[in-house]
Asks: 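Below is a structure I'd like to ask you about.
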Protein chains: 2
Amino acid sequence: MPTLSEVASLAGVTSATVSNVLRKRGKVGEQTRLRVLAAVEQLGYRPHLTARALAEGCAPTLALMVSSIANPFYPEFALAAERAAHANGRFLIVCNTNDDPVTGRAYLDQIAGTLSEGVLVMNANLSIDDLKKTEQRGAPVVLCMWEKPDAPPELPCIAVDFFEAGAIAGRHLIGLGHQHIGALVGSKINGIHAERYKGYLSACAAAGQKHPQNRTGYIEDSVEAGYESTKALLKAHPQLTAIFASNDLPALGALNAAADLGLKVPQDISIIGITDIQWARLSRPALTTVAVPTVSAAEMAVALLLDLISKPGQSAAMRITATPQLIERASTGPATC
Amino acid sequence: MPTLSEVASLAGVTSATVSNVLRKRGKVGEQTRLRVLAAVEQLGYRPHLTARALAEGCAPTLALMVSSIANPFYPEFALAAERAAHANGRFLIVCNTNDDPVTGRAYLDQIAGTLSEGVLVMNANLSIDDLKKTEQRGAPVVLCMWEKPDAPPELPCIAVDFFEAGAIAGRHLIGLGHQHIGALVGSKINGIHAERYKGYLSACAAAGQKHPQNRTGYIEDSVEAGYESTKALLKAHPQLTAIFASNDLPALGALNAAADLGLKVPQDISIIGITDIQWARLSRPALTTVAVPTVSAAEMAVALLLDLISKPGQSAAMRITATPQLIERASTGPATC
DNA sequence: GTGAAAGCGCTAACAG
DNA sequence: CTGTTAGCGCTTTCAC
């Protein structure tokens, strides 16, 4: 690969000048500029991003920490984040923590500030302490789609009003006349869906309905867990006419459980999820769900991170994305009893 | 962030020595080693990966080019690739080309050899010429899950026997007694599924069945396209008892079309796909499909790429992964007429 | 064993 | 306007 100085000597100038024409800095004579450009073209010169990063003291990469990029929710976020990053001249490194704090910490220690200029953190089971530590070391951190507004994150974050998402789901079910509702709350690992559940409970309370504790299954955030839990719930409480799931994956599992139990959705039982992942519209019946603003959250997260990178020492404000939206599809309908 | 020389002066040695103990190179006196380690610990020193990359002339990153990481097939590949890369001390940069050759070329020009040491290419609509050019510039390229064994790739690649995958699917359907089979072949964009279709046709021929051209829909690789095409196919050919889809997404669309048409799967119509993406096991009925060795392909691709990186000028051999496997689930059954 | 010095490719003052 | 001069933080001969 040709270097700057090779281009320089071909053009009969010095590397500083070449750098200047390439970065459009300083003033360069029109003819030398042309000469340099010709040399660049002739040699097929491309700037060495690693060298540039070292010299500038700033790498053109951002890291995205997720538990697993194969989790159906992350790819859409990652796509939006990568696009936003690239639109700003940055590249995105994807790190799968596998929900293992040790792996996560190792990633942070390795790349934060040394290879990537900042880090976006999705639900990757990283400790706030580790994150604060990497922030103190100079690599900005942005929590993405933060769900616990009451627990001060102590770190910049993009928050989504998951309480409202839960409330919307609850109101939808109640509005349809459902009085016996089962709930699927995940994930067990980090109890991160508590906010959604609280929102749902608040909707019940507001309608004067009470939700008995034993109608809630605390489960993992997966189709399989939703499937099993729904079967158990329906066996214990045959009178249920609806299922509130704190996430789409368990909701989809509930759909399958209903089908395998010979129940018709939504005639016999209504099911609602939260998030609106890709599959939600593709299941049969298509899943009614509360869409969360994933794309805008990703864009905001990248914007916030870039802000923090450009202005070190900035205060760590929390930004909030658009309100979740009910997406009414075919898995919910009026209560029949 | 503390630097090597800061650690060095704390330990009362020179940076070369610190480097030696950290890289476990050369011989270092046991006591100096301990002293250095203590200093590293005390300062919380972490090697600056960008600086190291520049000095070593080798970046610790690999790039993965995909059309869109949100396409349901890529995340599983990306997960496996990232794990394999990280197991070898490399980080993975994800690049979404959006199927746009211009975007793809820009990515290659920017990072290949300057920020990432090599590039993995999934179906990203990049021209072979562009790829060969980046290879010539010194950044190894590995084509992942290459499907056209007859068209010499001229580039190192991991090939999957998609012809056999198609044949397996065809044999399965024929073995079940199906004589009137419709075919969904995608994607239209790059005609990349031809091999799968050929395999399917060969299975028909081997069984003495002929597949009329007008029973094939050439479509995009999506659930929606599969849905529409299945409806059209079924309308034009009501006698069809099975659908062969060259990919799972259209197969899932076919499943939905059958459901919306009031057809029971597999009693009225059998449907088979190829790939075995995550959703395949989650649909109702669960999709019978021919699983492709995604994970091993990803691992082999990373291994090949690392080989090429470590041994420049190596011959570009094609490596082949495991044979596709039939995964019999609930969407296929005996022909009833 | 350990240190001195050069250099990876580029940027960023500062001179001229 | 353009060239000179230092580095960025680390690795790597090559002496001592």
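Everything numeric here is computed off the predicted structure, so don't read it as measured data. Throughout, a chain's letter reflects where its sequence line sits, starting with A, and its residues are numbered from 1.
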Asks: With a non-hydrogen cut-off below 4.0 angstrom, is A:Gly57 in contact with a base, only sugar-phosphate, or nothing?
Replies: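 The answer is nothing, as A:Gly57 stays clear of every strand by at least 4.0 Å.
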Asks: What string of B, S and - do you get for nucleotides 6-11 of chain C, 5' to 3', if B is base contact, S is sugar-phosphate-only contact and - is no contact with any protein heavy atom under 4.0 Å?
Replies: -BBBBB
Asks: Please give me the minimum heavy-atom distance between A:Ser116 and A:Leu62, naming the atom from each residue.
Replies: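 In this case the closest contact between A:Ser116 and A:Leu62 is CB-C, 4.1 Å.
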Asks: With no hydrogens and no angle check, do the side chains of A:Arg83 and B:Asn98 hold a donor and an acceptor under 3.5 Å apart?
Replies: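 Short answer, yes.
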Asks: Would you call the rings of A:Phe91 and A:His86 parallel, tilted or perpendicular, where under 30° means parallel and over 60° means perpendicular?
Replies: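 It falls in the tilted class, 30° to 60°.
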Asks: Evaluate whether atom CD of A:Glu41 has more than 12 neighbouring non-hydrogen atoms of other residues, nucleotides or ligands under 6.0 angstrom away.
Replies: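 No, the 6.0 Å shell around CD holds no more than 12 heavy atoms from other groups.
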Asks: Hey, are A:Asp130 and A:Ser127 close enough side-chain-wise for a donor-acceptor pair under 3.5 Å?
Replies: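 Yes, A:Asp130 and A:Ser127 have a side-chain donor paired with an acceptor closer than 3.5 Å.
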Asks: Specify the separation, in whole Å, of atom CG of B:Asn20 and atom P of D:dT12.
Replies: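 In whole Å, D:dT12 P and B:Asn20 CG are 9 Å from each other.
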Asks: How close do B:Phe162 and B:Met145 get, heavy atom to heavy atom, and via which atoms?
Replies: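 Nearest pair, atom of B:Phe162 first, then B:Met145: CE1-O, 3.8 Å.
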Asks: Using every non-hydrogen atom in the two residues, find where A:Asp99 and A:Ala124 come nearest and quote the distance to one decimal.
Replies: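 Smallest interatomic distance, heavy atoms only, reads OD1-C, 3.9 Å.
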Asks: Looking at A:Asp100 and A:Val102, would you say the former's side chain and the latter's main chain have a donor-acceptor pair under 3.5 Å?
Replies: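 Flag set: sc A:Asp100 to bb A:Val102 pair under 3.5 Å.
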Asks: Give me the bend of the helix from C:dG1-D:dC16 to C:dG16-D:dC1, using the axes of the five pairs at each end, rounded to 10°.
Replies: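 About 40° separates the two local helix axes.
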Asks: Search all heavy atoms of B:Leu126 against all heavy atoms of B:Leu131 and return the closest pair with its distance.
Replies: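 Scanning both residues completely, I find the closest heavy atoms to be CD1-CD2, 4.0 Å.
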Asks: Each nucleotide N or O in nucleotides 14-16 of chain D that has a protein N or O under 3.5 Å away: list the pair and distance.
Replies:
none

Asks: With rounding to the nearest 0.5 angstrom, report the CZ to CG distance, B:Arg46 to A:Leu108.
Replies: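 The CZ atom of B:Arg46 sits 8.5 Å away from the CG atom of A:Leu108.
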